[in-house]
Amino acid sequence: MKREEALKQLQTASTVNEKFEVAYNILKHSPPISQDKMLLLYAYYKQAVFGDYREIKSDNDFSNYIQTFKNNAWGQVRGLSSDKAKQEYINYTIQLIKDEYPK
């Protein structure tokens, strides 16, 4: 998908919920995104959908190591309302499109 097409899809959505859905679908089919950017998107998404992160203790193996990074990112956006987290996800998606999508 080209930059202008992706931005137009976001602009045509009228509510935060619609824009959030569109942003999610755009990113699902996006060019590769760096892991640090993906972690921030993950955090905003989880906060928007599930609310504040609640720590769960578990054994320490490699899969938990990766999950620790995800949980840490999610915990850093603790306290954002669902609508605010959705808006941050949308704003970050727009920035990624502008910075990383082909024209």
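We number each residue from 1, following the sequence as shown. No experiment lies behind these values; they were computed from the predicted model shown.
At a threshold of 4.0 Å, the pair Glu88-Lys84 counts as salt-bridged, since one of the basic side-chain nitrogens sits closer than that to a carboxylate oxygen.
Between Tyr53 atom OH and Asn72 atom CG the span is 9.0 Å, to the nearest 0.5 Å. Between atom CG of residue Leu41 and atom CG of residue Leu27 there is a gap of 5.5 Å, rounded to the nearest 0.5 Å. The CG atom of Asn71 lies 12.0 Å from the CZ atom of Arg54; values are rounded to the nearest 0.5 Å. With values rounded to the nearest 0.5 angstrom, Leu96 atom CG is found 5.0 Å from Ile33 atom CD1.
Judged by distance alone, with hydrogens and angles left aside, the side-chain atoms of Thr93 form a donor-acceptor pair with the main-chain N or O of Tyr89 at under 3.5 Å.
Side-chain atoms of Phe20 and Val49, non-hydrogen and from C-beta on, do get closer than 4.5 Å to each other. Looking only at side-chain heavy atoms (C-beta outward), Tyr92 and Lys37 come within less than 4.5 Å of each other. By the 4.5 Å heavy-atom criterion applied to side chains, Asp36 and Leu40 are not counted as neighbours. Side-chain contact between Tyr101 and Leu7: absent, with no pair of heavy atoms (C-beta onward) separated by less than 4.5 Å.
The side chain to side chain donor-acceptor pair (under 3.5 Å) contacts involving residues 11-28 comprise Ser14-Glu18, Asn17-Lys86, where partners must be two or more places apart or lie in separate chains.
In this structure, Ala73 and Ala43 approach most closely via the heavy-atom pair O-CB, 3.2 Å. The two residues Ala48 and Ala85 have their closest heavy-atom pair at N-CB, 3.6 Å. Scanning all heavy atoms of the two residues, the minimum distance from Ile94 to Leu10 falls at CG1-CD1, 3.6 Å. Scanning all heavy atoms of the two residues, the minimum distance from Leu80 to Asp52 falls at N-OD1, 4.5 Å. Minimum interatomic distance between Lys70 and Leu39 (heavy atoms only, all atoms of both residues): CA-CD2, 3.8 Å.
For Glu5, the CD atom sits in a packed shell: over 12 heavy atoms of surrounding residues, nucleotides or ligands are nearer than 6.0 Å.
Side-chain contact annotation: Gln87 with Asn91, donor-acceptor N/O pair under 3.5 Å present.
The aromatic rings of Trp74 and Tyr42 lie perpendicular to each other, with more than 60° between the two planes, well past the 30° mark.
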